[in-house]
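One structure is given below, encoded as structure tokens.
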2 protein chains.
Amino acid sequence: MQTKYRMVKDRIKERILAGEYQANQRIDSESQLMKQHEVSRHTVRMAIGELVNEGWLYREQGAGTFVQDKVSQKEEAVHTPKSIAIITTFISDYIFPSIIRGAESYLSEKGYQVSLFSTNNDSEKEKSILEKIIQQRFDGVIIEPTKSAYTCPNLSYYFQLEKQQIPYIMINGYYEELEPAAFVINDEKGGFIQTEHLIERNHREIAGFFKTDDRQGVQRLKGFIKAHRKHSIDINPEHIITYTSEVKSTKPLEELKKLLDHRLITGIVCYNDELAVLMLNELRTRKMAVPSQISLVGFDNSFLSEATEVKLTTIEHPKNELGYEAAESLVSIIENPEQTSLEMKQYEPKLIIRKSTSYAP
Amino acid sequence: MQTKYRMVKDRIKERILAGEYQANQRIDSESQLMKQHEVSRHTVRMAIGELVNEGWLYREQGAGTFVQDKVSQKEEAVHTPKSIAIITTFISDYIFPSIIRGAESYLSEKGYQVSLFSTNNDSEKEKSILEKIIQQRFDGVIIEPTKSAYTCPNLSYYFQLEKQQIPYIMINGYYEELEPAAFVINDEKGGFIQTEHLIERNHREIAGFFKTDDRQGVQRLKGFIKAHRKHSIDINPEHIITYTSEVKSTKPLEELKKLLDHRLITGIVCYNDELAVLMLNELRTRKMAVPSQISLVGFDNSFLSEATEVKLTTIEHPKNELGYEAAESLVSIIENPEQTSLEMKQYEPKLIIRKSTSYAP
DNA sequence: TCCGATTTGTTCGTATGTATG
DNA sequence: GCATACATACGAACAAATCGG
């Protein structure tokens with residue numbers, strides 16, 4: 001049967017298909033349509049209502065009714081809810097939960113579903129996860145890259161993501177060669193600030209411990225060296241300890257023991273708070289007073305930095321904020337693909353001075 | 001915003017999910033719904049209209065409005081990979097990551113995808129998440145119930161899960177009335193062991209701090225009382241402090257201050273390590289020596305218990321194992337639906353003695 | 001087969017709320 | 001602050017389909 005609202009609906013649809021209304025353009029208002037078709041407002045609303053349900057139009061209160069463009073009609077075909085993949089290296093007890101919390105809170109609010117993957121810092125695992133994500137057509141990816149200090153072995157998979165128009169954002173680190181959208185800390189400056197803080201307090205014999213299989217550690221080490229250079233202090237190469245994830249709970253501690261046994265150091269720059277707590281433990285057993293005998297700088301401003309009796313001087317990490325803003329940016333790219341200004345956001349590190357550092361003895 | 005038609009819509013949806021309306025059964029007519037909800041027909045029609053669009057109902061002119069049989073729509077969901085939802089109360093920095101890690105490692109190995117949700121301890125949020133899970137036909141759910149000490153407000157949604165044959169497993173706590181498959185700690189015994197440990201070391205003036213909006217806290221408090229009874233020690237009611245999630249970072253600390261100001265206590269039983277660290281902090285500022293002046297027992301054996309200078313005596317929590325085994329059990333139910341031996345697993349708590357407890361002064 | 005009661009479908013009118021520019 | 005746009009809500013009337021008797 002040909003009802004009035006169905007006639008109005010068909011006439012509007014024709015005008016869209018004829019190109020009379022362009023994508024995202026405002027169509028005539030309800031009251032205009034009332035006059036044009038000589039029907040009541042309710043009838044017009046029913047017509048528009050069905051077109052909205054079918055994905056031809058969308059309404060915005062106060063602004064008007066607009067033509068839905070093709071890109072969003074694509075979703076209709078899939079019909080699955082929007083889903084985002086978050087890929088981390090480790091599901092650790094450390095700062096990861098804060099980042100996830102930030103991202104999840106924004107994404108769930110926006111009606112996205114969050115799927116969680118972890119690579120265990122294994123590139124092969126990362127590869128198989130990326131494969132899955134491409135195959136299942138996720139709408140976006142937030143990824144903490146695996147071993148970001150090295151060349152990206154899964155380059156082709158990232159290119160594939162781009163080809164399939166699945167936007168991705170890297171957090172904490174990134175692969176240089178990809179030049180991706182990334183939310184990271186200025187790690188070099190962070191390492192610099194950590195070190196300069198000690199130098200300014202007259203420390204000269206400073207040890208630095210850095211995990212160098214990801215970009216963060218390499219950059220922080222760079223900052224460590226720069227700070228020394230700026231203040232014209234020679235670095236004893238034995239004071240730089242680098243290690244990889246696999247040995248993170250053993251090697252740095254062993255190296256610290258060797259250092260303490262054989263050399264005099266007055267300050268330690270730690271890759272992160274987790275390591276700082278480990279070191280603090282060793283210092284406690286040796287009955288070395290922190291900070292009067294030896295100073296300790298952490299990184300990340302995690303809850304660990306306030307759990308200890310000697311609260312840690314450390315570098316702020318915008319954990320929650322970083323997760324939230326990465327999610328926000330990802331959603332904005334998904335929902336407005338035309339404005340592809342994928343940029344990198346670098347958070348400026350800030351020193352938080354607590355009780356684990358003082359002037360050199 | 002809460003509009004009338006949305007309220008009517010929700011009420012109808014609830015009745016569907018509660019199983020009050022069966023599949024393909026006629027729901028109340030528009031005029032009945034008008035009377036029931038005291039709204040106009042227009043409002044009822046808007047509510048029904050949205051539910052029709054979302055696939056919950058279908059209308060037949062002259063006959064009535066009927067419940068859409070979701071089972072017959074199943075074909076759609078076949079192609080998607082198997083996916084599991086993990087619902088937590090908070091994505092916290094605390095023991096949650098360990099549980100997730102355990103579950104994720106097993107599930108990803110088995111080819112399942114993990115989606116993450118958090119309720120923020122809000123039953124309404126829990127409800128909308130469960131609704132999503134039912135609608136998207138997840139293959140299984142691991143859920144940490146919200147406010148498990150209280151009556152489950154979303155009972156009908158859990159029944160609906162069962163009806164739709166979506167198996168679920170509860171962790172950490174459970175709703176009594178559901179008698180669900182659950183992986184929990186014997187919290188009562190845990191509280192008992194915490195307390196008895198102090199009693200056996202001659203403590204008589206013991207304060208207990210318990211978060212009582214989830215089942216765990218209530219049970220631990222029960223154990224606290226039982227231990228006192230067993231050893232025929234009177235409990236000063238002022239020594240029992242209960243609090244809820246909302247005030248967890250303020251109230252217990254305030255109460256501790258009051259206690260320390262006015263009473264002599266020699267031992268503190270803490271709901272968990274997180275709280276223990278908070279208390280330890282206060283004791284430090286008062287220069288009260290732990291354990292020589294006052295003893296402190298935590299719960300969960302989290303990394304916090306070893307980050308502090310006075311390593312905490314605490315109760316083991318099988319975090320990783322619990323997550324792993326819950327996932328294992330869920331997968332087994334999914335893949336062998338016939339052997340529906342949904343049972344509860346209670347982990348026996350074990351005391352880990354470190355340095356925060358000693359004999360009463 | 002038809003009637004009448006019931007139920008949903010269409011259409012009008014009116015009023016007020018709320019967001020946008 | 002104002003006009004404009006969509007959102008919610010009330011009331012009324014008639015049309016069309018269904019179903020039991």
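A note on names: the letters A, B, ... follow the listed sequences, proteins ahead of strands, and every chain is numbered from 1.
The side chain of Arg45(A) has dA7(D) as its nearest neighbour among dA16(D), dT11(C), dA7(D). Minimum atom distance to the side chain of Gln61(A) is reached by dG17(C), of the listed dC12(C), dT8(D), dG17(C).
Side-chain nitrogen and oxygen atoms of Lys4(B) include none within less than 4.0 Å of the OP1 or OP2 phosphate oxygen of dA7(D). Residue Arg59(A) has a polar side-chain atom (N or O) positioned under 4.0 Å from OP1 or OP2 of dA7(D). The phosphate of dT10(C) has neither OP1 nor OP2 within less than 4.0 Å of any side-chain N or O from Thr43(A). The phosphate of dC6(D) has OP1 or OP2 within less than 4.0 Å of a side-chain N or O from Thr65(A). Regarding contacts with the backbone of dT4(D), every side-chain N or O of Ser31(A) stays at 4.0 angstrom or more from both OP1 and OP2. An OP1 or OP2 oxygen of dT7(C) is reached within less than 4.0 angstrom by a side-chain nitrogen or oxygen of Arg26(B).
Just one residue in the list Gln160(B), Glu126(B), Lys127(B) forms a side chain to side chain donor-acceptor pair (under 3.5 Å) with Asn154(B), and that residue is Glu126(B).
The aromatic rings of Tyr158(A) and Tyr168(A) sit tilted relative to each other, their planes meeting at an angle between 30° and 60°. In this structure, Tyr106(A) and Tyr324(A) have perpendicular ring planes: the angle between them is above 60°, well past the 30° mark.
Residue Leu33(A) contributes atom CG, which lies 12 Å from atom C1' of dA5(D) at whole-angstrom precision. Straight-line distance from the CZ atom of Phe66(B) to the C1' atom of dA17(D): 12 Å, rounded to whole Å. If you measure from atom CE of Met46(B) to atom P of dC6(D), you get 15 Å, rounded to the nearest angstrom. A straight line from CD1 of Ile27(B) to P of dT6(C) spans 18 Å, rounded to a whole angstrom. In this structure, the NE2 atom of His42(B) is 12 Å from the C1' atom of dT14(C), given to the nearest Å. Look at CD on Glu30(A): it is 11 Å from P on dT8(D), rounded to the nearest Å. Rounded to whole angstrom, the span from the CD atom of Glu50(A) across to the P atom of dT11(C) amounts to 11 Å. Protein atom NZ of Lys9(A) is 14 Å distant from nucleotide atom C1' of dT10(C), rounded to whole Å.
Judged by atom type and distance alone, Arg41(A) reaches the base of dA7(D) through a side-chain donor-acceptor pair under 3.5 Å. The base of dG9(C) has none of its N or O atoms less than 3.5 Å from a complementary donor or acceptor on the side chain of Arg6(A).
Checked by atom type and distance alone, the side chain of Asn120(B) never pairs as donor or acceptor with a backbone atom of Asp122(B) at under 3.5 Å.
Taking for each of Glu60(A) and Ser40(B) the nucleotide of DNA chain D with the nearest heavy atom, the 5'-most of the two is the partner of Glu60(A). Of the two residues near DNA chain C, Glu38(A) and Ala63(B), the one whose nearest nucleotide lies more 5' is Ala63(B).
A salt bridge does not link Glu144(B) to Arg215(B): none of the charged nitrogens lies less than 4.0 Å from a carboxylate oxygen.
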